[in-house]
**Student:** 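Pasting a structure below so you can have a look.
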Amino acid sequence: MDATIARAAAGKAIHLDQVTKIWGSTTAVDRLSIDIPAGSFTALLGPSGCGKSTTLRMIAGLETTDRGTIRIGHEDVTRKGCADRDLSMVFQSYALFPHLSVAENIVFGLKVRRMPKAERDGKLKQVADLLGLSALLDRKPAQLSGGQQQRVALGRAIIAQKPVCLMDEPLSNLDAKLRHEMRLEIRALQQQLGFTMVYVTHDQVEAITMADQVVLLNKGKLEQAAAPRVLYERPETPFAARFIGTPPMNLFPALIFEGFQGGQDLSLGIRPEALTLKKDGPLAGHVRAVEFLGADLLADCISGGTPFQVRLPAAASLTPGETAAFGFDTPDLHIFDKRSGRRRDDLTHEIGVHLQA
Ligand code: ADP
Ligand code: MG
């Protein structure tokens, strides 16, 4: 790849401080504060309607910000328009011009900015090579597959060499296999070019496989912002615990465990993959169904009225209708305080030891 594209696109940091957006009676984004380091890949993740797109559009300057401050590269851009924020965007609908060729679509913005033709052609060649579009430059969007159209939209965003790139669910129109390929491509491109990426998705797999930092939103509020591994290993809230990981983390009332006194205000989380078959283990469950998934088994169980799931090696012997005992390692126990809604690591050791005894 030619170094001229990489050099110009060095990323800028983005800071949101108490950013708020209110639509009538709905607070779409509620006092959201996040730090996005320069050159990093941050995913805004959460269920539909949690405020991801609104947040992205406020960063872009496509929506006004009702309260709070947005800084890009240490400059306060809160009151600036989209054109003055020096960023590029890719939307779910690729928004390609149907009557223009691939080449014309990609260089459209440069043309508007009156970049000389020779310079434009040089950049077009680099970007087309980078994205594998060189043989398709004369085609119209209608003559391209979904994946190719997506690449044209990416090409148009990166040719501008902006320090910040914003993407809103850019892969949701593609099939699963292509989504996987494009995920890797977008991540590689971002790392190669070094711009700062803010990427909206409702797909936790997409977020944790691509991002350096995942910002998990719930009803307009920040639930947790952390590296993917931290979000999986130390979720701060039951919501985060269940949003990341498939199937979701099991949450048990503490009283379900044999001989466990007190703890009415606690909820105990254990991931399906952290449970093992263990004779006299602390968790007894009635097995309702067993699904064979190839590499492993997924057992659907119930204990004292609380359903839970267990992921076991495919060779494990477990039959629907039987009662089985399960164990786990103390570090795999996640304890949440029901009243504060927060994680209680200070109790893990004590409760873990107690349950294993
Ligand atoms: P997400 O992208 O996470 O699915 P959005 O940011 O699009 O969520 O929406 C967050 C909330 O704000 C939702 O309740 C949505 O209905 C509301 N909302 C979004 N845009 C508008 C708008 N233009 N007018 C009124 N309400 C809106
Ligand atoms: Mg959205």
Side-chain angles (χ1 to χ4, degrees), residues 14-36 41-70 72 77-82 85 87-96 146 149-150 153-154 157 164-176 179 182-183 186 190 196-211 213-226 228 231 235-246 248:
I14 304 171
H15 300 280
L16 272 61
D17 184 23
Q18 300 283 310
V19 166
T20 299
K21 181 72 187 180
I22 299 165
W23 306 106
S25 59
T26 313
T27 304
V29 178
D30 194 358
R31 291 162 290 167
L32 180 63
S33 297
I34 42 180
D35 284 333
I36 298 171
F41 192 125
T42 289
L44 300 182
L45 175 69
S48 177
C50 72
K52 306 180 294 293
S53 294
T54 304
T55 302
L56 198 75
R57 293 172 62 81
M58 284 192 286
I59 297 173
L62 295 170
E63 287 311 342
T64 54
T65 299
D66 290 327
R67 264 183 254 132
T69 313
I70 299 176
I72 298 179
V77 297
T78 318
R79 304 283 158 237
K80 285 196 163 183
C82 183
R85 295 194 185 191
L87 43 80
S88 60
M89 280 193 84
V90 178
F91 299 96
Q92 177 180 349
S93 61
Y94 316 129
L96 302 177
Q149 291 183 23
Q150 180 57 55
L154 285 178
V164 170
C165 184
L166 309 178
M167 296 196 182
D168 194 345
E169 313 238 12
L171 306 184
S172 41
N173 292 338
L174 306 179
D175 63 48
R179 255 200 330 262
M182 292 302 294
R183 230 154 66 194
I186 291 176
Q190 184 270 334
T196 307
M197 171 77 93
V198 186
Y199 186 102
V200 163
T201 180
H202 65 274
D203 179 347
Q204 55 107 5
V205 174
E206 211 167 279
I208 64 176
T209 53
M210 294 175 92
Q213 170 179 236
V214 177
V215 172
L216 181 61
L217 301 178
N218 179 20
K219 296 185 183 135
K221 288 198 171 75
L222 177 67
E223 195 75 23
Q224 188 170 2
L231 211 51
E236 283 300 327
T237 62
F239 179 88
R242 287 185 61 79
F243 204 85
I244 306 289
T246 350

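All residue numbers refer to positions in the sequence shown, counting from 1. Remember, it's 1-based here, ligands and their atoms both numbered in the order they're listed.
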**Student:** Treating Thr201 as the side-chain partner and Leu45 as the backbone partner, does any N or O pair qualify as donor plus acceptor under 3.5 Å?
**Tutor:** no

**Student:** Using the side chain to side chain contact (heavy atoms under 4.5 Å, CB included) rule, take Leu16 and Ser33 through it: C-alpha gap first, then chi angles, then the decisive distance, then the call.
**Tutor:** CA-CA 5 Å; Leu16 272 61; Ser33 297; 5.7 Å; no

**Student:** What protein heavy atom sits nearest atom 14 (O) of ligand 1, and how far away is it?
**Tutor:** Thr26 CG2, 3.8 Å

**Student:** Who's the nearest protein heavy-atom neighbour of atom 6 (O) of ligand 1, and how far?
**Tutor:** Thr54 OG1, 2.5 Å

**Student:** Does NE2 in His15 sit with more than 12 non-hydrogen atoms of other residues, nucleotides or ligands closer than 6.0 Å?
**Tutor:** yes

**Student:** Quick check against the 3.5 Å criterion: does Gln204 have a side-chain atom that pairs as donor or acceptor with the backbone of Gly245?
**Tutor:** yes

**Student:** To the nearest 0.1 Å, how far is atom 7 (O) of ligand 1 from its closest protein heavy atom, and which atom is that?
**Tutor:** Ser53 CB, 3.8 Å

**Student:** Do Lys21 and Thr64 pair up side chain to side chain, a donor and an acceptor below 3.5 Å, judged on atom types alone?
**Tutor:** yes

**Student:** Please confirm whether Ala28 comes within less than 3.5 Å of ligand 1 when only nitrogen or oxygen atoms on both sides are compared.
**Tutor:** no

**Student:** Side-chain donor-acceptor pair under 3.5 Å between Glu169 and Ser53, yes or no?
**Tutor:** no

**Student:** Establish whether atom 10 (C) of ligand 1 and some protein heavy atom are separated by less than 4.0 angstrom.
**Tutor:** yes

**Student:** Please state whether the separation between the Mg ion (ligand 2) and some N/O/S atom of Ser53 is under 2.8 Å?
**Tutor:** yes

**Student:** Nearest protein heavy atom to atom 17 (C) of ligand 1, by residue and atom, and its distance?
**Tutor:** Trp23 CD1, 3.6 Å

**Student:** Report yes or no: does Gly49 have a heavy atom closer than 4.0 Å to ligand 1?
**Tutor:** yes

